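Working notes, structure below.
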Amino acid sequence: MAELATTSIPTSVPARFNPWPITIFTILCILAVLFLAPTIGVLLSSIKTTRAIALGDLWSWPDTFYLGNYVEVLSNPSVHRYFLNTLLVTVPATIASTALGVLAGYTFAKLPFRGSNMLFLLIVAGMFFPPQVILVPLFRLFNSVGLIDTLWPIGLVHTALGIPICTLLMRNFFATIPNALREAAILEGANEWQVLTRVALPLSLPALAVLATLQFTWIWNDFLWPLIFTQSDDMRTIMVGIVNLRGQYTVAWGVQGALSLIASLPTLLIFLFFQRYFIKGMTMGAVKG
Amino acid sequence: MAEVTLKNIRKSFGAVEVIKGVDLEIERGEFVVFVGPSGCGKSTMLRMISGLESVTSGSIHIDGADVTHVAPSKRKLAMVFQSYALFPHLTVAENIGFGLMLNKVPKAEIDQRVRKVAQTLQLEALLDRTPRQLSGGQRQRVAIGRSIIRDPRVFLFDEPLSNLDAALRVQMRLEIARLHKELADVTMIYVTHDQVEAMTLADRIVVFNCGRIEQVGTPMELYHNPANTFVAGFIGAPAMNFIDGTVGDGGAIQVGDISLSPATPVIRRGPATVGIRPEHLSLVGSEEADFDARIELVEKLGAETLLYLNTPFSDKPLTARIDGSTAIGEGENVHLKVQPDSIHVFPV
Amino acid sequence: MAEVTLKNIRKSFGAVEVIKGVDLEIERGEFVVFVGPSGCGKSTMLRMISGLESVTSGSIHIDGADVTHVAPSKRKLAMVFQSYALFPHLTVAENIGFGLMLNKVPKAEIDQRVRKVAQTLQLEALLDRTPRQLSGGQRQRVAIGRSIIRDPRVFLFDEPLSNLDAALRVQMRLEIARLHKELADVTMIYVTHDQVEAMTLADRIVVFNCGRIEQVGTPMELYHNPANTFVAGFIGAPAMNFIDGTVGDGGAIQVGDISLSPATPVIRRGPATVGIRPEHLSLVGSEEADFDARIELVEKLGAETLLYLNTPFSDKPLTARIDGSTAIGEGENVHLKVQPDSIHVFPV
Amino acid sequence: MERENRLWRLILLALPLIVFSVLVIWPLLSSFYYSFTNWNGFSSDYDYVGFENFTRIWTDRLFFNATVNTAIWMIAAILLPTVLGLALALLLDSKVRGSKVFKTIFYLPICLSAIVVGQIWVWIYQPDWGLLNTAIEQITGERFNYAWLARPGSALYSVIVAWSWQQTGLSMVIYLAGLTAVPSDLLEVCEIEGASAWQRIRHVIIPLLTPSTVVVVALSVINSLKGFDILFIMTGGGPFNSSDTLAMHMYNESFRKYFMGYGSAISVVLFLVALTIIGLYFRQLKKVDEIYG
Amino acid sequence: QSGEVTISHYFTGELGLRAFNEQIKRFEDATDYTLKDSPVGHEDYKTDILVRASGNSLPDVFSYWAGARVQFIADSGALLPIDDMWEKAGLSKVIAGSIAASATEYNGHRYLVPFNYHYAGVFYNKAVLDKAGVSEMPTDWDGFLALCEKLKAAGVTPLALGSANRWPAQFWFDYLLLRTAGPEYRAHLMAGEASYDDPEVKRAMEMWKDLTDKGYFTENANADSWTDASDKVARGDAAMTLMGTWITGYWNGLGLVPGEDYDFFPFPAIDSGVPVTSVGPVDGLVIAANAANPKGAEAFLEYMVTNTDVQAAWSKAQGALSANVNVDPSNYNSVMLKAFNTVDDSEVFAFNYDLATPPPVAEVGLSMFARFMDDPSKVNDILSQAATDASAAFKQ
Ligand SMILES: Nc1ncnc2c1ncn2[C@@H]1O[C@H](COP(=O)(O)OP(=O)(O)OP(=O)(O)O)[C@@H](O)[C@H]1O
Ligand SMILES: Nc1ncnc2c1ncn2[C@@H]1O[C@H](COP(=O)(O)OP(=O)(O)OP(=O)(O)O)[C@@H](O)[C@H]1O
Ligand SMILES: [Mg+2]
Ligand SMILES: [Mg+2]
C-alpha cells in the first residue's frame, strides 16, 4: 500500500524507444559497403603499378601507395587539354539541352494541342535507339559543313540527343504544378513566357537540378561522339583520352584508373552541388495546397 | 448597356455536359452572384467568363465586344480562385504585387500599394512569410489582395470567403460591398454558397442547377416570388418547408386533414406543392392555430431558435424559426399558425 | 470522467509560439467546438490532439491514458481535414473504404458499408470517379465519408463543412448532429468558423484567441454571458455592438449624451465598454426611444433585415437586426430602443 | 486565348523541334534509307536491294538471339535499378543519420564512366583472383573459379548486375525528390487510419510516386541503351554472341562485318520496337496525368 | 614538295604513341611535310575508319592490317594504288619477299607498305621448363605432346590461352590447319572455296580438342585476356603460350629478360611434306583514294619503310619485326632475332585467321573458336554451324 501510495504517476511518459532508425542505419551501412567495393577497386588500381595489377594482386590493400600514375596523368599537358575540351563541350551542351527541354516540356504540359501527344511521343521516341544508328549520317552532315575535328558537333549532337529526356522530365514536372497558378498569373497579365520564367521555372529547381546533373554526367562520360567527330589530339575529350590509354596490345591499368578517378570528380562535384535542390521538391507540398 | 453578355453558353468535359445553355446579361457596375448546389457548374461558368476555360459553344461579350476567343489578360478582369492559387516561391508581398511587377510598376509604388491592400486585409504582419507558413484563411486573404490591387473592370470571385472565419467573413463582406459601391462601374460576378453573402451583396442573384439557370432576380424577388421549388428551397435559410397538398375550390389549400387559406386565393386547382418558410410559422394559442405539431429538435442560435417539427401531414420535419427568447424544449407539443400572405404554392 | 484532457499545452513553430498554454477537459460523448479567428491555432490544437503535430510542452490524455507520445493511429480517433486529403490515385469508393481496406475487412463488407456512407453523403453517383474529377464540395464529402466509415471514439473535424454549399451544409450539420446523438459515447471535437454550426452542434464551445482559450461554455452561456468583449464580439452574428460609456451612480450607463438603464444595475463604477447585440435593438416610436440614429446601410436577408446605423456616440456604425417585413430605406432617421435586460457591460 | 496559345506553342516549340529534326530525325531517316541498300560503308556505290535486308532478318539466328537478350536486358535494366533505387530512397527518406553521405555513396557509380566501370567489374568477375570469387571462396572455404563473364549462361546477367550497380543511384535520387512531393496530409491520413509502414508504402507512397516512376523508367530505358558501352567493354557481346543485344548486333553487322545496309535494317526494326514500347509507356503517362496532373 | 599530311593510326597506349610520334618527327625533319596525326584505340579504330570512309573524308594515310581487311577496302575502291612509288623507290628490294608477296599486293596493284610485322610462336617460361627438366624444344607433334605431358606431370599447366577477346585462339587453328592441311587448303578455306566441315578442318579441330581433353590448357580461357594468359606464364602458373612477338614487348615491359626469363620455339611440324609456314599480322600503311595530299602520303610511306633508323627504332619499341631487309638484325634481342630467322627460313608467311579471311567470315570463325574453347565436346555441331554461317557470310 505504502509503495502504491508513494508511487507517483508521471504527468507525461517519455517518447518510446523506436527500433527502426538503428535497423535502417545498419542496413544502409551494409549496402554502402557493397556499393563502395567496386569504386574502391578503381582507387586501388590507380595506386598500383600496371605490373602489380598484371600480376593479379589488384584487390589486396597496398602497403605503399604508388602515386606515379597520378603524377604521370596530372603532369601530362594533353590531359589538361582534354579536361578543357570536355568542359567546353559539356557545360554549353548541358545548358542548351536543358533549356530546349524546358521550352518543349512546358508547351506539352501546359499548352497541349491536338496531336501534341503524338509529337511528344515522337520526340520521346528519340531516346530509344542506339546512337550508332545515326553515327554515319551525322558524320557526313558535319563533314559537309566542315565542322569535323572541332568541338561543335559534339556539343550540338548532345544537345539534340538530350532533348527527349529533358522534354519528358520537364513536362512531367510542369504537369505537377497546378494550372490554377498559371491561370492566376495569366489573369494578372502575364504572358506565357512570363508564366514560364516567373512561376514555372522557380518552382522547377528540383527538376532542373536533376536534369543538369544527369546531362552533365552523361555528356561528360560519353566517348563515342568525341571519338568520331574529333581527330587531332588537341580536340580530344577526357574519355577519348582514357580509351586511348589502351594500346593495341597493352593497357596501362594504373594510369587509366588514376585518370578515370580524376575524370569522374567533376561529375561528382556537380552532383554534390545540385543535391540540395533535388530536395527542394518540398515546395510542391505548398503548390498543391 | 450590358457589360457582360453570355449567349447560349455550353460546356462539356469530354462526354459530360456540365453547362447546358446559359444566357445572361449583366449590366455595367452590377453585382451578380451565382449560387447553386455544389457541382452545378458555377466555377466552370466563371472560368469561362474569365477565359481560362474555353466555351464548347455560345459566345461571351464584354462591353459589347465579343471576347469569346480573347485572351484572359485582355479581358480586363481579375479573379479570386476557390483554391488560393498563390505562388509558393513568392512572399505574401510579392504575391500581392505580382501583377504590378509584371506591368513594370516602379518598386516604390508597388510597395506602397501592397501595404495599403495588406492593411485592409489585415496582412501587414505576414507580408514577408511565404504562403506555406499561412493558415487557410490567411492564404485566401492574400489571394483576394492580389486581385484587388490592380483595379480591373470586371471582378470574378469564386467563393472568396468560404475559408474565412465568421468575424472576418462579415468584415470582408462589407469590405467587398464597400468596394462595389466605390468602384461604381466595376462589374462583379461572385460565386458563393453563403446565403447571407448572396442576399446582401447581390444586385441580382443567378440560381444555377445542373448547369442551367433556374431563376435570375434581385434577392427579394427570389425570396418572395421564387419561380419554382428548387429556387424556393435554395434561397433563404433555413430552407423553405414543402408539403404536398391540393388546391380546393375557393382557392383554399387542403394539406392532410387541415386547410390553409392564402391571403390571395390560388387560381389553379388540383394537386400542388405548398411552400412555407420557417420564419412564417409562428407559435400561437390553440384557438387560432392552423395545426399542431410535436417538437423533434431544437436549435438555439441565441437571437433566434429553430424548431424541427413532426406533423401528421409531412413525413420529414417542418422547420420553424422563432424568437430566441422563447423558452421551449424538445418533445413538447405546440400550436402553429401560418402567415396567410406568405404561403407559396407550386404546381407539381 | 474526462475523455480528452489537455494539460498546459504549448506549441511553437520555430520562434513563433502559436499555442500558449491550453488546459481543457472534454467529457466522454461531449461535442466540443473550437472557434476563433483565423490563425489563432485551432487547427494546430486539433492536430496535436490527433498526434500529427507534436506538443512543445504539456500533455494530452485520452480516456485517462497519457497519449502525448502515442502514435496517432493508436489514439482511436478519426480526422476530417481542412484540405480534403484525398488519395488522387484511388476512386471515391476506395478513398472511403481506405481504412477498412487497411484493416483487411472483407471486400463485400467494405463495399456495402461504403455504399451506405455514400448514400448519406449523396455520393453514390460519383463512387467511381477520381478526386480530380470532383468539384470542391464533392471532395470534402468524400473526406467526411472516409472518417465516418470506421467508427472511432474521438472524432476530429477541421472545418469539414466550410466547402459545402448552404443547403448541403445544413443537411450535413443535422447529419453530424444525428451522428453525435447515435454514437452517444463518441467524443467530437470540431473546428469551425460558422456561427450556426458552433451554436447548434456544440455541447460546449471553446473560444480561441491568439493561441489561448478565452472562454469555455455552452452556446447559450457564451451568448448571454460572454466573459469579455472578445467572446462577446465573436459569438453571435451579426457581431455585438460595442460603445464606450461610463457607469454612473445608480448603475445607469452614460453613453455620449444619452443614458441607458440596464434591468440589473451595474455595480462597478467608472468607464466601461457597453455591448448591445443587434437583435436587442428595436425600432420604436420617438417617445419610448433610447436614442435616434441615421441608417447608413440596409441588408435585406428576407426573413430579417440588418441596419447599419450612424449614431452621435459611436464612430463606427451600430448594427441592428429587425424583422424582414419592415419596410425601411437607407438614409432614413429612426428611433431605437435597447432591451434593458440584455445590455452587457465590460470593464475597460 | 486559343489564338495566343497557338502563337506561344509555335514560339516555344520552334527551337527544340528544329534542332531535334535536323540532328536526330533526319539522320534517322537517312540511315533508314540505307536499310534498303547493300552499302558496305567503304565503297561510294551501292545497290538498292528493296526489302532483302528485312527478309534476311528472319533467317538471322543471331538476330533472334539478340532480340531475346535485349528483352532480358531491358526488363532487368528497368526493373532492378528502379526497385533498388526505390528501396534506397525509402530507407534514406526516414531521415537516418548521415543520409547525405549514404546518398553520395550510392550515387557515386553514376559519376564513373562506362569504360572504367566495365573494367572494374571485369576484375570483380575475374575467375582466379576476382573479388567475387575470392569472397565466395572465403565464405564456402573451397576453391571457386567460375568464369562469370566467359560462360554463355551467366555473361549477360553478370553485366546486368554491374549495370544495375551503376544506375541504382539515379533512380534513388529521382525517387528521393519525388518523395518530398508527396503531400504531407495524405501521409497524415495514413498515420490516423493506422496504416503499417508497409501499407503506407504499398498503398500510398508508391502510387503517389507514379510521376517519379514514369521518369525513372524513362531514364532506365535511355540508359539501358547507353548500357551498350558497358556491355561492349565487359563482354563485347560474347562469349560467342551469348550476350548480344540488338544494339550490339547492329554494331557488329555494321562496323565489324561492314553490312551497313543490314545494320540499318536492324536499327529500323529496333526503332519500331521502341516506338511500340513507348506507345504503351505513353498510355500509362496519360493515365498518370489524369490522376496527378 | 610540302604541305600537311593527315594520318590516322591505332598505335595508342603510352609506348605505342610515343614511339610512333618519334618516327613522325624523324619524317618531318627529313622532309618539308608536316604531319597531322589522329591516334585511336584499335577497338574503335575500325569504327572510326569506317565512318570516315563513309563520309569520304579518310585521312591521307592510315595504318591498317594487311590481308583481307585491306583487300576489303581496296575492293571498295577507297585506296590509292602506289605502284609507281613502289617502282621508283624500288621497294621490292627493300621489303622481305615473304611479306611483300602476301601483304602489299591486292587485285594486281600495290596498295600497302608494311610498317612492321609480327610472328606467332610458342613462347615459354624458361625457368618453368628447366624445373621440369626440359632441355630441348619439340620439333614435331609427338615431341610437343610429350612435353605437355611432362609439364603436366610436373604440376604446371602446359598451355596458357587467354581468348577473352577471341583472336588469341586463332593461332591454334591457324597452325594446326597449316601444319596438316597446308597453306594451299587454308587459302581456299579463307577464300570460301572450302567448307568448315571438310575433313581437313575436322582433323585440325580434333587435334586441338585432344589437347583440351588432356587438360593441357589453362581453365577459363575465354575469361582471360591474352595479357592474363601471358601473366600466367610469366608467373609460372603456366609454361607456354602460343602468341605473337608483341608478347616480348609486353614481357620486357614487366621486366622479364628475353632469352633468360623467356624464349620461344616455332609451332612444331605435324605432317611431313607440308610447306613450313609462319603466321602473323602485318601492320601496314595505306593511302586513301581521295587523299588530299597523295604526294606527301607517298613520301611518308616510302620514308617510313625505307628508312632503316625508323624501322629499327620502331620495331624495337613495338617488339615487332621490321619488313625492311636492310635493318641490321643486331637491333633485335636474341628472341626477336630467332623469330626473324624463323620467318626468313619459312617457305610461306600467312596472315593469322582474322586477317586472312574477309571480316564477316572472321567474325564467324572467331566466335567459333570461343565457342569451342567453352565446350570442346561440341566440336562437330560447332563446325557444321560455322560452315553454314561462313558460307552465308561469303554470299553477302
Ligand atoms: N476537369 C474536369 N473534368 C471533368 N469534370 C469536371 C472537371 N471540372 C469540373 N467538373 C465537373 O463539372 C461540374 C461542375 O464543376 P464546378 O466546379 O463548376 O461546380 P461548382 O458549382 O463550382 O461546385 P462547387 O460549388 O463545389 O465549387 C462538376 O460535376 C464537376 O464534377
Ligand atoms: N508549419 C507551420 N510553420 C509555421 N507557422 C505555422 C505553421 N502552421 C501554422 N502556422 C501558424 O500557426 C498559426 C495557427 O495556425 P492554424 O492553422 O492552427 O490556425 P487556424 O486557427 O486553423 O486558422 P484557420 O481558421 O484559418 O484554419 C498561424 O498563425 C499560422 O501562421
Ligand atoms: Mg466551384
Ligand atoms: Mg485551420
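Naming convention: chains lettered A, B, ... in sequence-line order (proteins, then strands); numbering from 1 in each chain. Since the model is a prediction, treat every value here as computed from it, not as a measurement.
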Write down the atom of [X], the atom of [Y], and the distance for their closest heavy-atom approach.
| X | Y | value |
| --- | --- | --- |
| A/Lys110 | A/Ala175 | NZ-O, 4.0 Å |
| A/Ser204 | A/Phe174 | OG-CE2, 3.1 Å |
| A/Pro38 | A/Leu34 | CD-O, 3.5 Å |
| D/Asp229 | D/Ala114 | CB-CB, 3.6 Å |
| D/Ile120 | A/Gly41 | CD1-C, 3.3 Å |
| A/Arg182 | D/Asn5 | NH2-OD1, 3.9 Å |

Chain D contact via [X] - side chain, backbone, both or neither, heavy atoms under 4.5 Å:
| X | answer |
| --- | --- |
| A/Leu156 | both |
| A/Ile27 | side chain |
| A/Leu168 | side chain |
| A/Thr39 | both |
| A/Ile163 | side chain |
| A/Leu119 | side chain |
| A/Trp220 | neither |

- Query: Does a side-chain N-to-carboxylate-O contact under 4.0 Å join A/Glu192 and D/Arg9?
  - Reply: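 No, this pair does not count.
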
Do you know which of [options] has the most heavy-atom pairs under 4.5 Å to chain A?
| options | result |
| --- | --- |
| D/Ser264, D/Ser113, D/Ala14, D/Cys111 | D/Cys111 |
| D/Val116, D/Leu15, D/Thr168, D/Ile11 | D/Val116 |
| D/Trp121, D/Trp123, D/Tyr34 | D/Trp123 |
| D/Val24, D/Asp128, D/Leu88, D/Ile115 | D/Ile115 |

Can you say whether [X] sits under 4.5 Å from chain A via the side chain, the backbone, both, or neither, judging by heavy atoms?
| X | value |
| --- | --- |
| D/Gln119 | side chain |
| D/Tyr251 | side chain |
| D/Ser212 | neither |
| D/Thr104 | both |
| D/Leu170 | side chain |

Find the distance between [atom1] ([X]) and [atom2] ([Y]) and round it off to the nearest 0.5 Å.
| X | Y | atom1 | atom2 | value |
| --- | --- | --- | --- | --- |
| D/Arg256 | D/Asn252 | CZ | CG | 4.5 Å |
| D/Ile174 | A/Leu169 | CD1 | CG | 6.0 Å |
| A/Trp225 | A/Leu138 | CH2 | CG | 5.0 Å |
| D/Ile230 | D/Trp165 | CD1 | CH2 | 8.0 Å |

If you count heavy-atom pairs within less than 4.5 Å of chain D, which of [options] leads?
| options | result |
| --- | --- |
| A/Leu141, A/Ile123, A/Leu36 | A/Ile123 |
| A/Gly101, A/Pro137, A/Cys166, A/Ala263 | A/Pro137 |
| A/Val136, A/Leu224, A/Leu135, A/Leu111 | A/Leu111 |
| A/Phe142, A/Phe216, A/Phe223, A/Phe120 | A/Phe120 |
| A/Pro153, A/Pro266, A/Ser264 | A/Ser264 |

- Item | Qualifying residues under side chain to side chain donor-acceptor pair (under 3.5 Å), relative to A/Ser116, sequence neighbours excluded |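 For A/Ser116, no residue satisfies side chain to side chain donor-acceptor pair (under 3.5 Å) once neighbours in sequence are set aside.
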
- Message: Tell me which pairs pass ring-ring contact (aromatic ring centres under 6.0 Å, His included) where either residue lies in residues 10-33 of chain D, with sequence neighbours left out.
- Response: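 Output for this query lists D/Phe32-D/Phe271.
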
